**Student:** 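My questions will all concern the structure given below.
In each ligand, atom 1 is the first atom listed, and ligand 1 is the first ligand listed. None of these values were measured; they are calculated from a predicted model. Start at 1 with the first residue, then count along the sequence.
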Amino acid sequence: MLKITNLTVAYGQNIAVQDISLEVIPGEILALIGPNGAGKTTLVRAVSGLVSPQSGQITVDDQAIADIPSGERARMLSVVPQARHMGGAFTVEQAVMMGRTAHMGWLGRECQDDRDAVKLALEQTNLKDFAHRSISKLSGGEQQRVLLARALAQSTPVLMLDEPTNHLDLQHQTSLLSLVRQLAQEKQLTVMMALHDLNLVSFVADQVALIVNGLLQCVGTPPEVLSSENISQAYQIPVDIVSHPRTGSPIIFPQGIVKERD
Ligand code: ATP
């Protein structure tokens with residue numbers, strides 16, 4: 001289980017998240033939502049060990065993240081960061097193999113398990129045909145899938161994702177989130193994911209944590225958190241919420257962009 005207790009993270013004098021407590025159990029996806037600058041990425045980075053908390057604790061299966069050596073942490077927790085343009089002379093296959101570093105022996109030689117894990121991750125992310133392409137020459141969406149493949153090859157029980165659907169078209173948004181959903185269930189992965197698209201959150205998340213100005217406003221199931229009152233207040237715009245006709249999941253429409261008809 002991933003447990004965040006009274007977490008506060010600051011950049012110099014600027015407190016980015018304050019006194020946040022959350023729990024995610026294996027098999028569950030927790031979505032972090034909130035306006036720009038709310039603190040979602042900071043939370044993902046803190047759990048990943050990339051920024052140190054000012055106070056509070058993060059544990060995985062009762063082990064404090066801060067006390068786990070980096071190699072062991074990399075076998076426990078993988079991260080799909082926000083895609084930025086990736087340079088370098090690596091092929092897709094080489095970039096995904098980097099996810100296996102923590103599993104390799106001290107000589108850093110890859111073995112059959114590593115090659116199998118990379119092959120599977122390339123298949124799962126629909127990148128098999130891109131294996132020998134240079135990552136620097138891929139589109140933003142293709143690079144985003146390479147970052148997911150690298151994290152999947154890392155084969156960790158905890159998966160953190162920061163805006164993984166940015167740059168992805170409808171088909172790839174759907175296949176990425178279905179894959180994460182499937183892996184959470186089948187492999188009992190613990191997943192925490194920052195997502196802007198509230199309608200995708202509604203379909204994919206088990207729990208939603210709404211953060212505004214670094215503070216946790218509420219946490220609960222999608223219907224509990226994605227209410228018109230919570231969303232209007234957090235994003236400072238009026239919204240309409242309707243139920244999906246088949247699943248009953250909430251669907252959010254910002255009122256400002258709904259075309260009125262006579
Ligand atoms: P977005 O939706 O825009 O990606 P976010 O919810 O992920 O935003 P964060 O990136 O976590 O928000 O930022 C939280 C706060 O911390 C913001 O006020 C931001 O300006 C500040 N911040 C983020 N990174 C840094 C940094 N490296 N140095 C100083 N302040 C930072």
**Student:** Which heavy-atom pair separates Ala149 from Ala121 by the least distance, and what is that distance?
**Tutor:** O-CB, 3.4 Å
**Student:** Taking both backbone and side-chain atoms of Ala16, is any N or O found less than 3.5 Å from an N or O belonging to ligand 1?
**Tutor:** no
**Student:** When you measure from atom 2 (O) of ligand 1 to every protein heavy atom, which one gives the shortest distance, and what is it?
**Tutor:** Lys40 NZ, 2.8 Å
**Student:** Counting each atom of ligand 1 from 1 as listed, which ones have a heavy atom of Thr42 under 4.0 Å away?
**Tutor:** 9 (P), 11 (O), 13 (O), 14 (C)
**Student:** Please list, in number order, the atoms of ligand 1 under 4.0 Å from a heavy atom of His196.
**Tutor:** 2 (O)
**Student:** With Glu123, which residues qualify under side-chain contact (heavy atoms from CB on, under 4.5 Å), at least two apart?
**Tutor:** Lys119, Leu120, Lys128
**Student:** Heavy-atom contacts with Asn36 under 4.0 Å: which atoms of ligand 1 show up? List them by number with element.
**Tutor:** 1 (P), 2 (O), 3 (O), 8 (O)
**Student:** Under a 4.0 Å threshold between the charged nitrogen and the carboxylate oxygen, would Asp206 count as salt-bridged to Arg181?
**Tutor:** yes
**Student:** With the threshold set at 4.0 Å, does a side-chain nitrogen-carboxylate oxygen contact exist between Arg115 and Glu110?
**Tutor:** yes
**Student:** Could you find the nearest protein heavy atom to atom 23 (C) of ligand 1 and give me its residue, atom name and distance?
**Tutor:** Tyr11 CE1, 3.5 Å
**Student:** Who's closest to atom 17 (C) of ligand 1 heavy-atom-wise, of Gly214, Gly12, Gly37?
**Tutor:** Gly37
**Student:** With a 4.5 Å heavy-atom cut-off, do Val146 and Val96 have their side chains touching?
**Tutor:** yes
**Student:** Applying side-chain hydrogen bond (donor to acceptor under 3.5 Å, both in side chains) to Gln112 and Asp116, what does each step give before you reach the verdict?
**Tutor:** CA-CA 6 Å; Gln112 194 55 44; Asp116 289 346; 2.9 Å; yes
**Student:** Counting only heavy atoms not in Asn14 (residues, nucleotides, ligands), do more than 12 fall under 6.0 Å from its CG?
**Tutor:** yes
**Student:** With Leu32 as reference, evaluate Val44, Ile20, Leu195 under the side chain to side chain contact (heavy atoms under 4.5 Å, CB included) test and give the passing residue.
**Tutor:** Val44
**Student:** Tell me, which protein residue and heavy-atom name are nearest atom 10 (O) of ligand 1, and how many Å apart are they?
**Tutor:** Thr41 CB, 3.7 Å
**Student:** To check your reading of the model: name the closest protein heavy atom to atom 21 (C) of ligand 1, its residue, and the distance in Å.
**Tutor:** Asn14 ND2, 3.6 Å
**Student:** Please identify which atoms of ligand 1 are closer than 4.0 Å to at least one heavy atom of Ala38.
**Tutor:** 5 (P), 6 (O), 12 (O)
**Student:** Tell me, please: is Gly39 in heavy-atom contact with ligand 1, that is, under 4.0 Å?
**Tutor:** yes
